[in-house]
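This structure is a prediction, so every number in the text was calculated from the model and none was measured.
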Amino acid sequence: MNDARAMRVVAAASMIVTALVAAALALHRPPASQAFAVPIYRHLILYQDFYLAAPFVAVLLAALVPRLRAVGERAAMACGRHIGAVALLSAFLLAIGTHAVFQAHPLAMDEYVVIFQSKLFLEGKLTARFPPWLLDWLIPPFLEGRFFRVSHATGTVTTVYWPAFSLLLAPFTAAGVPWLLNPLIGAATLLTVHRIALRLTASVRAAGLAALLTLASPAITINALTYYAMPAHLLANALYTLLLIRPTPLRAAIAGLVGSVALTLHNPVPHLLYSLPWIFWLASTRARWRMLAALAAGYLPLCLLLGWGWAALVQEVADETIGARLAGILGWTSSTGFATHGLDLVKLWLWAVPGMLVAAVWAARDLWRDEQRAWRILSASALATYFGYFLVAFDQGHGWGFRYFHGAWLALPLLAAGACRDDSRKTLAAYLAACALLSLFLLTPVRALQVRHFIDNHLDQAPAAPAGDARVIFINPRFGYYSWDLAQNDPGLRAAPLRLVSRGADADKTLMRERFPQYEPLGADRRGSVWGIARAPAQR
């Protein structure tokens, strides 16, 4: 297939798939009045992602214009030649985005728990200790076990997630800039993807295209504004790949060390699924025993300390075995049905650069027999990650893009760039680069506006008092949409106001009368109530 025809096939196939995706989502959308009656995962797909289908097609069409392709080609070459400057500028803009878009706020409980744990580490503690009588107000029973493990007898609280990401976050939390970690990780990911592509293709243009496709995918940029551990999973797996493309015992040992961090970032599944094809490949090489021994030596120390050690700590707090924990995670379909796995692909599609997935799938087929085995392993890692989550009993809930796939996401821009690794695919490369530029300047801002709007609405669910010094806020979990996520407190309960999950107006008043009699009601509405110290009227 000649180059121009390859471009037209990628464009046409991408448009057809996008039209089918839009039609499927339109058929499954409940009326607007029921938008907040569906779980968060489906809400974000049906009432945010759906609206990106039309601009997605517009990008695919506009990128066919020769002048835009020429600009895209120059942009890819610039990324290839000046990736350091691109990464530095990206880190700066992403850091601004953490405030302008995300308001430096941990939106979901997944984000809050890692900040919570990082603050504990700064105090030299592994667990928090809350008053037992206050425990179910701070952490409602329906969240216990999902994000926190608690002891009602002692008030001891620990996070469920393994601690490596919180450890990485701790120095940034100490400096008062916890929002800066993921922008830096995002910039480092660009550098690593560029290096992998350069090593696999020996082409500056292909390396620049891979970096540009990464930067221009909203799944990468928007997640880099959050407190999720997923950007760290992506970077760790990218470094793991870079080290094992041309393995030596030393590189395998370092890869094992990087892998041990990835396994313990927040849960081991993302790296476990991604790494299995690489481990099987090392086991097939002539130097298998040396490689596997070096890899295991790298994995072992931190896996024992942060993995097994943390699991033992959680079990001690909550008296739950690892086997019982796994039994609650594993299942053949998610909590929202088997169709969730199809919706996963929809999220993957609409949060990537238009055209990239078709090019990646096509390249995976063509590169399967390439002498560079890394192409096959990358494809296998992506497939293992997608199908591996069929065994998880719940969907990803909150999250921007297909969060469960994020650790293997690097396979997509690398494979797409691999399709354009020589001069016979310059037209296709220019088309993908033009799609990337249009995605960066059109789709990513639209995504940013959607996220900002969602967060604004979420924060507005917290009750407020017209006057006075708020000291205790009760958040009504029966009003609003996932409003209980607003109940976020310092692990030492030192920061005011205290945010509690309401257990009903009468129960709230009883708690205040018995435990906080010094505070008076400052305001109440459907969102909850605010208690504190009334301000004295100003003297004339």
Chemist: Is the shortest side-chain heavy-atom distance between L378 and Y274 below 4.5 Å?
Modeler: yes
Chemist: Do H194 side-chain atoms and G80 backbone N/O form a donor-acceptor pair below 3.5 Å?
Modeler: yes
Chemist: With ring pair (Phe, Tyr, Trp, His ring centres under 6.0 Å) as the criterion, how do F390 and H341 come out once you've worked through the C-alpha distance, each side chain's angles and the decisive distance to 0.1 Å?
Modeler: CA-CA 7 Å; F390 278 43; H341 302 306; 3.9 Å; yes
Chemist: Taking all non-hydrogen atoms of both residues into account, name the closest pair between L107 and H458 and its distance.
Modeler: CD1-CD2, 3.4 Å
Chemist: So, taking the atom named CG in L432 and the one named CG in L437, what distance separates them when rounded to the nearest 0.5 Å?
Modeler: 11.5 Å
Chemist: For the pair D49 and R447, find out whether any cationic side-chain nitrogen is under 4.0 Å from an anionic carboxylate oxygen.
Modeler: yes
Chemist: Going from CD1 on I115 to CZ on F172, what distance comes out if it is rounded to the nearest 0.5 angstrom?
Modeler: 13.0 Å
Chemist: So, for L209 and A429, which heavy atoms are closest and what is the spacing to 0.1 Å?
Modeler: CD1-O, 4.0 Å
Chemist: Using only heavy-atom distances, determine whether the side chains of S166 and Y161 contain a donor-acceptor pair under 3.5 Å.
Modeler: no
Chemist: Quick one: are F454 and Q450 in side-chain contact, heavy atoms under 4.5 Å?
Modeler: no
Chemist: Going by side chain to side chain contact (heavy atoms under 4.5 Å, CB included), I220 matches just one of L234, V193, L213, L215. Which one?
Modeler: L234
Chemist: Would you name the heavy atoms of R499 and A462 that are closest together and state the gap between them?
Modeler: NH1-CB, 4.2 Å
Chemist: Decide yes or no for T214 and L410: does some side-chain heavy atom of the first lie under 4.5 Å from some side-chain heavy atom of the second?
Modeler: no
Chemist: Is a donor from one side chain sitting under 3.5 angstrom from an acceptor on the other, for H233 and N237?
Modeler: no
Chemist: Distance-only, no hydrogens or angles: does the T98 side chain make a donor-acceptor pair with backbone N or O of A104 under 3.5 Å?
Modeler: no
Chemist: Is there a side-chain contact between L191 and V86 (heavy atoms, below 4.5 Å)?
Modeler: no
Chemist: Classify the ring geometry of H271 against Y240: parallel below 30°, tilted from 30° to 60°, perpendicular beyond 60°.
Modeler: perpendicular
Chemist: What distance separates L243 CG from I254 CD1, expressed to the nearest 0.5 Å?
Modeler: 6.0 Å
Chemist: State the CE-CG distance between M230 and N223, to the nearest 0.5 angstrom.
Modeler: 8.0 Å
Chemist: Measure from the side-chain N and O atoms of S275 to the backbone N and O of L272, and report whether any donor-acceptor pair falls under 3.5 Å.
Modeler: yes
Chemist: Would you call the rings of W349 and F56 parallel, tilted or perpendicular, where under 30° means parallel and over 60° means perpendicular?
Modeler: tilted
Chemist: Do V261 and L302 have side chains that get closer than 4.5 Å, going by heavy atoms?
Modeler: yes
Chemist: With the side chain counted from C-beta on, respond yes when L44 and K347 share a heavy-atom pair under 4.5 Å apart, and no when they do not.
Modeler: yes
Chemist: Take atom OH of Y481 as the centre, draw a 6.0 Å sphere, and report whether it contains more than 12 heavy atoms from other residues, nucleotides or ligands.
Modeler: yes
Chemist: May I have the step-by-step check of ring pair (Phe, Tyr, Trp, His ring centres under 6.0 Å) for Y482 and W484, ending in yes or no?
Modeler: CA-CA 5 Å; Y482 290 76; W484 54 79; 5.2 Å; yes
Chemist: Quick one: does R452's side chain get under 4.5 Å of Q103's, heavy atoms only?
Modeler: yes
Chemist: Using every non-hydrogen atom in the two residues, find where V501 and P477 come nearest and quote the distance to one decimal.
Modeler: CG1-CG, 3.7 Å
Chemist: Hey, do the aromatic rings of F116 and F148 have their centres closer than 6.0 Å?
Modeler: yes
Chemist: Could you grab the distance from atom NE2 of H28 to atom CZ of F50, nearest 0.5 Å is fine?
Modeler: 12.5 Å
Chemist: Taking C-beta and beyond as the side chain, do I185 and F165 meet within less than 4.5 Å on heavy atoms?
Modeler: yes
Chemist: For H453, does the NE2 atom have more than 12 heavy-atom neighbours from other residues, nucleotides or ligands under 6.0 Å away?
Modeler: no
Chemist: For residues S14 and V10, report the shortest heavy-atom separation together with the two atoms involved.
Modeler: OG-O, 2.7 Å
Chemist: Quick check: does any side chain N or O of Q117 sit under 3.5 Å from a backbone N or O of T127, one acting as donor and the other as acceptor?
Modeler: no
Chemist: So which atom in S381 and which in W278 form the shortest heavy-atom distance, rounded to 0.1 Å?
Modeler: OG-NE1, 3.2 Å
Chemist: Once you round to the nearest 0.5 Å, how far does OG of S483 lie from CG of L459?
Modeler: 12.0 Å
